Amino acid sequence: MNEDLPSYLAGLNPEQLQAVRHEGSPLLILAGAGSGKTRVITTKIAWLVRERGMSPESILAVTFTNKAAREMRERAESIEPACSRAVIRTFHSFGAWFLRRNALAAGLDSNFTIYDDDDSAVLLQAVLPSRTRQECNRLASRIARAKDFGLEPDSPDLERAFPEPEFRRTYAAYQDRLKKTGNVDFGDLIRLPARLLASEPAIAKRTQQRFRVILVDEYQDSNVAQFRLLRLLAGPETYICVVGDDDQSIYRFRGAEVRNILNFAQVFPGTITIKLERNYRSYQSILDLAGDVVSHNSGRLGKTLRAMRPGGEKPLLALLDDQEQEVQYCTSIVKSHLAKGGNLSDIAILYRTNAQSLAFEKDFPRMGIRYRIVGALRFYDREEVKDVLSYLSLILNPRDEIAFKRVANKPARGIGDTGLETVLDAAARSGEDLLTAAGGCIDELRGRGKAGMKNFLAMIHGFRKALGLSDRMDAQGDPDARENRDDTNRDDTNRGDTNRDDENRAAPGEPEPYSISDGGTRRADPGTTSLGELLQALIRETGLAEYHKGQDEIAGTQKLSNLEELVNAASLYPLGAEGLAEFLETIELDRSLQAADPSESAEAVTLITMHNTKGLEFPVVIVTGMEQGLFPRDDEEGEDLEEQRRLFYVAVTRAKNRLFLTACRWRRIHGRLFETVPSRFLSEIKPELFDARGAGGKATSFGPNPYAARPGYGRASYSPPPQGNARISQQSGTRPDMNSQWRAGATVYHDEYGPGMIVKVSPTPSSGPLVVVRFESGKLAQFFPKFTSKLERVKE
DNA sequence: TCACAGTGACTTTTT
DNA sequence: GTCACTGTGA
C-alpha cells in the first residue's frame, strides 16, 4: 500500500479497504467465511465517524444476534469511542426501541412486554380451547412464519402461502387477543415498525432524516418482513450497506429469504458489489472441501475462498459402525490433541440434531473428557425462571393474560381452573385489566382460592407500588413513567438531537455509557435499590423460593440457584417501571445469559449443532453423523437440500487447522436402529480432497477413498448401493425388483396415517428400500417396508 | 388437586 | 429413547 493510512486501516487488504471507504451508492459486501467481515463493518462505522465526520447517532447497524451486536459495538468503539453513540442493535431490539419511542402511534403502551414463541402458543390455546397444545404450537409457528413473510391477517395472498383451513381467522383472532393483552411477539417487532413507517409519513421522514447510514450484517439471514422494514427505513438519501454470504444462509426454515441477498443489486439500483474472498481462518485443504460441496448448489452469487494459510492436512473421514464407535473416535482425537499440547477448548464436535449430543454426554464423563453443550436448554426457558419472569410481566402489565394464568396459582394457593376462568371472564366482559377484574370478582371465588387470590393481589399490588407504578386499576402503567417515551411528536429521532438521542445512554463525557437490551451492562445507580432486591423479595414472598427448594431436594435440581442467578442479572437494573421494562426486554431478546455461565470459560470440548456454530471458529472441528437420512434427510430436495449443503459449508468452514468427518453405519434415531449409507455430500467432494479411514482411525485396506469408485453415488434415489467398501456397503439387501413395488408416485395405505403417496425411494445396503411417504394429512414419514407391516401398497 | 401412566411426537431455532 | 402433554383415578 503506497498511501499513508491511519493505523486502523493499515492492516486491511485491498478489498476490505475498498469496502470500508466506499461511498455514494448501495453496497453489497459478499463476505465469505473467515474473510474478516466483522472487521470491515466495524472499521467502516469508525471510518464514517472519523474521516467523514458522520455523527454516530445517524448510523444504524443491525445484526441478527445479540452476540454479534455486542461484538460489533465493542470493536467499533475500540477504534473510535464515539461509536458508542451509534445505534447498533439486533433487528428485533431495534424494532422494540423504535416501538417504545412511538408507542402511542403504534397503539401500544410503552411498557409493552414481548411474548416468546412459547407464550404465543399458550395465548393461541386460549383463543382456540378446542385445539391441543401441539396444534397450537404448530399454528403459532405458522403465524410467526406468516409474519416473517410480512403477511397480515388481511393480506390477499395469505392463503397462497398458508392454505390450511381457517388460517386467516386463526391469525386474526390471535392478533386480536395479543393486542388485548398489550403484548407483542417477535414478529410484531419487525411488522409494527414497518407498518408505522408506511402509514405515518411524518415518522418515516423523521426516521429517515436521522439515520443517514444503515448497515446490515448477516444479510443472507434476513426475511421478507425485515427487508420491507429496511426499505422503509432507507430514504432516498440513505447510504445502505449490507454484508453477508449467500452460501451461509441456513435459516430458510425460519423464514430467512436468500433471495434478499441474491437480488439485492437489482432491488437497489447502482449497487456496487465487493467480494471478500481471502480467508484468514482455515487451511486451503479445508476450504477446498467446503467449496466443492456448495458448488453443487444453483443460484449462487459465486465466490471462491482463497486461504491465506495454504496447505494443511487433508480432512479425514472416519467410517464407523455405530455411535459408540463415533464417541470412541472423537475421544481418540481429543486425547491425541491433548497429547500434542492442545487444549480441550480447541475442539468442537458438531452435529445436525440436538439428540446426537446424548451419546457424547453419556460417555464423555467416563472417558474423562469435560464438555460443554452450546445452546441446548436455555436459561430463560427454565420453568422456575419463567415463573419469576411471568410475575414480573404481570406486575408491569396487568393485562398479560399468559403471565396471569401462569402464576396466579403458582405456588398453589387454591386457585384452580374454575377460579381462573371466573377472573378471565370478568376481565373480558368489563375490559378491565386482570388485577382489577380479579379484585372485583373475588367474592365469586370459593374456598381456599378466595383467600389465595386476595393474598396474591395484595402481593402484586405491593410490588407495583414499590416500582412506582400507579395503582389506579384502570391504568395500564404509570403515566409519569411514559411521559417522555411514547410521544410521537417528541423529536428523539431527529438527527440534531444528539445528546438526548437515547435516554438510555449517558451523555458524552459521563463515565461508562450503558445500553439496554443489547449489552446487559446497565448498572443500577449505586446507593439506590436495584431491581435485584425486588426480585429477591418477590421470590421469597410469593413462596416460589420454598416451592423450588422443595423441588430441588426431591429432584436434585438447581432451581433455587438458577433463581439466584436471575436476581444477579436483575441487580444491574434500577428499581422502577422502566428498569423492569428494560430488564424484561433484554431477557426476551437475548436469551443467552452471557458469560455469567461459569462453564463458558471452563476448559472443555464444545458440543454444538451445526446451526449454532455460525460465527464461531475452532482449531479442531469434528463434523459427526455424515449419513444419508440424517444429514441431509432423505426428504430434503431442492431448496431444502441446498440449504443443507450450505449448512455443511458453514460447519466445515469453522475449522482452522484440522477437520474430521464421521459417518456411522448404524444410527439410532427415535429409539430405533437404522442402517445408513454415507451422506451424499461426501460424494460431492472430489475424492482427492479427503482421506477415508475405518474405525479407530486406522487406515483401511480399501483404496485411498472409497468414494472414488462410485461416481454419482447418493445423487439420485435409485443409485446403486455403495461398492467396494466392506465397511459401509455390505450390499446384499437391495434387489432392484424390490423397487418396483416401492416406487415414487405409488399409492400406499398406512394403518395409522391413512392413505398417502410415495415421494421418494432410497435403496439401503441391507434394510431394503427406504420409502418416504407424503400422507393426505400432509404428514411426511419414512419407512422400511421390510420392517413394518403397517404400510401397504395400494393397487391402482 | 395431584400423581401417575399412557400416548404420541420427534430437525435445525439468531429473535 | 426421551420428553411433554393428556386424561384418569384417588
Side-chain angles (χ1 to χ4, degrees), chain A residues 62-70 89-96 114-118 120-121 125 132-138 141 144-145 147-148 184-190 217-218 220-223 225-226 248-256 323 350-356 358-359 362 374-378 380-381 383 409 411-419 447-449 517-518 585-592 608-616 625 629-636 640 643-644 646-647 650-651 668-673 752-753 779-782:
Chain A
V62 287
T63 66
F64 282 86
T65 69
N66 290 285
K67 200 171 150 215
R70 266 194 301 277
R89 286 171 177 264
T90 64
F91 254 114
H92 290 89
S93 143
F94 170 76
I114 301 161
Y115 273 170
D116 65 17
D117 297 347
D118 198 52
S120 294
Q125 191 156 40
T132 67
R133 180 58 208 277
Q134 214 146 38
E135 287 173 304
C136 289
N137 282 339
R138 195 160 307 146
S141 92
R145 202 77 334 108
K147 291 186 177 185
D148 288 341
V184 300
D185 60 20
F186 284 131
D188 287 349
L189 293 175
I190 309 299
D217 193 15
E218 302 280 13
Q220 77 282 354
D221 288 335
S222 60
N223 59 35
Q226 287 158 338
Q248 292 189 65
S249 174
I250 55 172
Y251 285 105
R252 188 178 115 86
F253 67 94
R254 285 181 99 264
Q323 287 162 101
L350 277 53
Y351 37 79
R352 178 68 235 285
T353 68
N354 282 306
Q356 288 169 256
L358 212 69
K362 261 207 317 246
V374 173
L377 62 132
R378 290 180 297 186
Y380 292 109
D381 285 343
E383 181 202 1
N409 195 40
R413 45 177 78 88
I415 305 165
D417 288 344
T418 342
R448 196 157 72 87
S517 341
D518 38 22
E585 179 176 317
T586 306
I587 283 170
E588 238 13 280
L589 296 184
D590 186 2
R591 319 296 295 272
S592 62
I608 190 169
T609 61
M610 298 187 206
H611 280 92
N612 269 326
T613 59
K614 194 143 72 126
L616 304 177
L630 181 63
F631 183 44
R633 286 160 56 120
D634 280 315
D635 55 353
E636 281 164 333
D640 290 331
E643 177 145 309
Q644 297 308 300
R646 296 192 288 261
L647 183 58
V650 168
R668 193 177 289 282
I669 298 171
H670 304 330
R672 278 202 53 181
L673 206 55
E752 290 156 52
Y753 306 134
K779 183 189 170 66
L780 203 62
Q782 51 186 37

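Keep in mind that this is a model prediction, so the values were computed, not measured. To find a chain, count down the sequence lines: A is the first, B the second, and so on, and within it residues start at 1.
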**Study point:** side chain to side chain donor-acceptor pair (under 3.5 Å) evaluation trace for A:Asp117 with A:Ser120
**Key:** CA-CA 5 Å; A:Asp117 297 347; A:Ser120 294; 5.3 Å; no
Check your understanding: Please walk me through it: do A:Asn137 and A:Arg133 pass side chain to side chain donor-acceptor pair (under 3.5 Å)?
Key -> CA-CA 6 Å; A:Asn137 282 339; A:Arg133 180 58 208 277; 3.2 Å; yes
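Residue A:Asp116 is out of contact with every strand shown, counting any heavy-atom pair closer than 4.0 Å. Within 4.0 Å (heavy atoms only), A:Gln134 reaches sugar-phosphate atoms of the nucleic acid but no base atom. Residue A:Ala68 is out of contact with every strand shown, counting any heavy-atom pair closer than 4.0 Å. Within the nucleic acid shown, A:Gly414 comes within 4.0 Å of sugar-phosphate atoms alone, with no base atom in reach, counting heavy atoms only. When heavy atoms are screened at a 4.0 angstrom cut-off, A:Arg252 is found touching no nucleic acid atom at all. Here A:Phe91 lies out of heavy-atom contact (under 4.0 Å) with every strand.
Among the nucleotides B:dT15, B:dT14, C:dT2, the one closest to any side-chain atom of A:Ala256 is B:dT14. Listed nucleotides C:dT6, B:dT14, B:dT11 differ in distance to A:Thr132; the shortest reach to its side chain belongs to C:dT6. Out of B:dT14, B:dT12, B:dT15, the shortest distance to the side chain of A:Asn354 is found at B:dT12. For A:Arg352, the side-chain atoms get nearest to B:dT11 when compared with the rest of B:dT15, B:dT13, B:dT11. Nearest nucleotide to the side chain of A:Arg133, out of B:dT13, C:dC5, B:dC2: C:dC5. Set against B:dT15, B:dC10, B:dT11, the side chain of A:Arg138 has B:dC10 as its closest nucleotide.
Between A:Arg145 and B:dT15 there is no side-chain polar atom (N or O) within less than 4.0 angstrom of OP1 or OP2. In this structure, A:Asn137 does not reach the C:dC5 phosphate: none of its side-chain N or O atoms is under 4.0 Å from OP1 or OP2. A:Gln226 has no side-chain polar atom (N or O) that falls below the 4.0 Å cut-off from OP1 or OP2 of B:dT15. Contact check, A:Thr65 against B:dT15: no side-chain N or O comes under 4.0 Å of OP1 or OP2. Contact check, A:His670 against B:dT11: a side-chain N or O comes under 4.0 Å of OP1 or OP2. Between A:Asn612 and B:dT13 there is a side-chain N or O to OP1 or OP2 distance below 4.0 Å.
Atom NZ of A:Lys67 is separated from atom C1' of B:dT15 by 15 Å (rounded to the nearest Å). The nearest whole Å value for the distance from the CZ atom in A:Arg668 to the P atom in B:dC10 is 20 Å. Rounded to whole Å, the distance from CD1 on A:Ile250 to P on B:dT12 is 13 Å. B:dT15 atom C1' lies 8 Å from atom CG of A:Leu189, rounded to whole Å.
A donor-acceptor contact shorter than 3.5 Å links the side chain of A:Asn409 to the backbone of A:Ile415. Side-chain atoms of A:Gln356 come within 3.5 Å of backbone atoms of A:Arg352 as a donor-acceptor pair (strictly under, hydrogens ignored). No donor-acceptor distance shorter than 3.5 angstrom exists from the side chain of A:Thr613 to the backbone of A:Leu616, with no hydrogens or angles considered.
Look at A:Phe253 and the base of B:dT12; the rings stack, centres closer than 5.5 Å and planes less than 30° apart.
Contact of A:Arg254 with B:dT15 (side chain to base): a donor-acceptor pair of N or O atoms is detected under 3.5 Å.
Aromatic rings of A:Tyr351 and A:His611 (six-membered ring for Trp) have centroids beyond the 6.0 Å cut-off, not under it.
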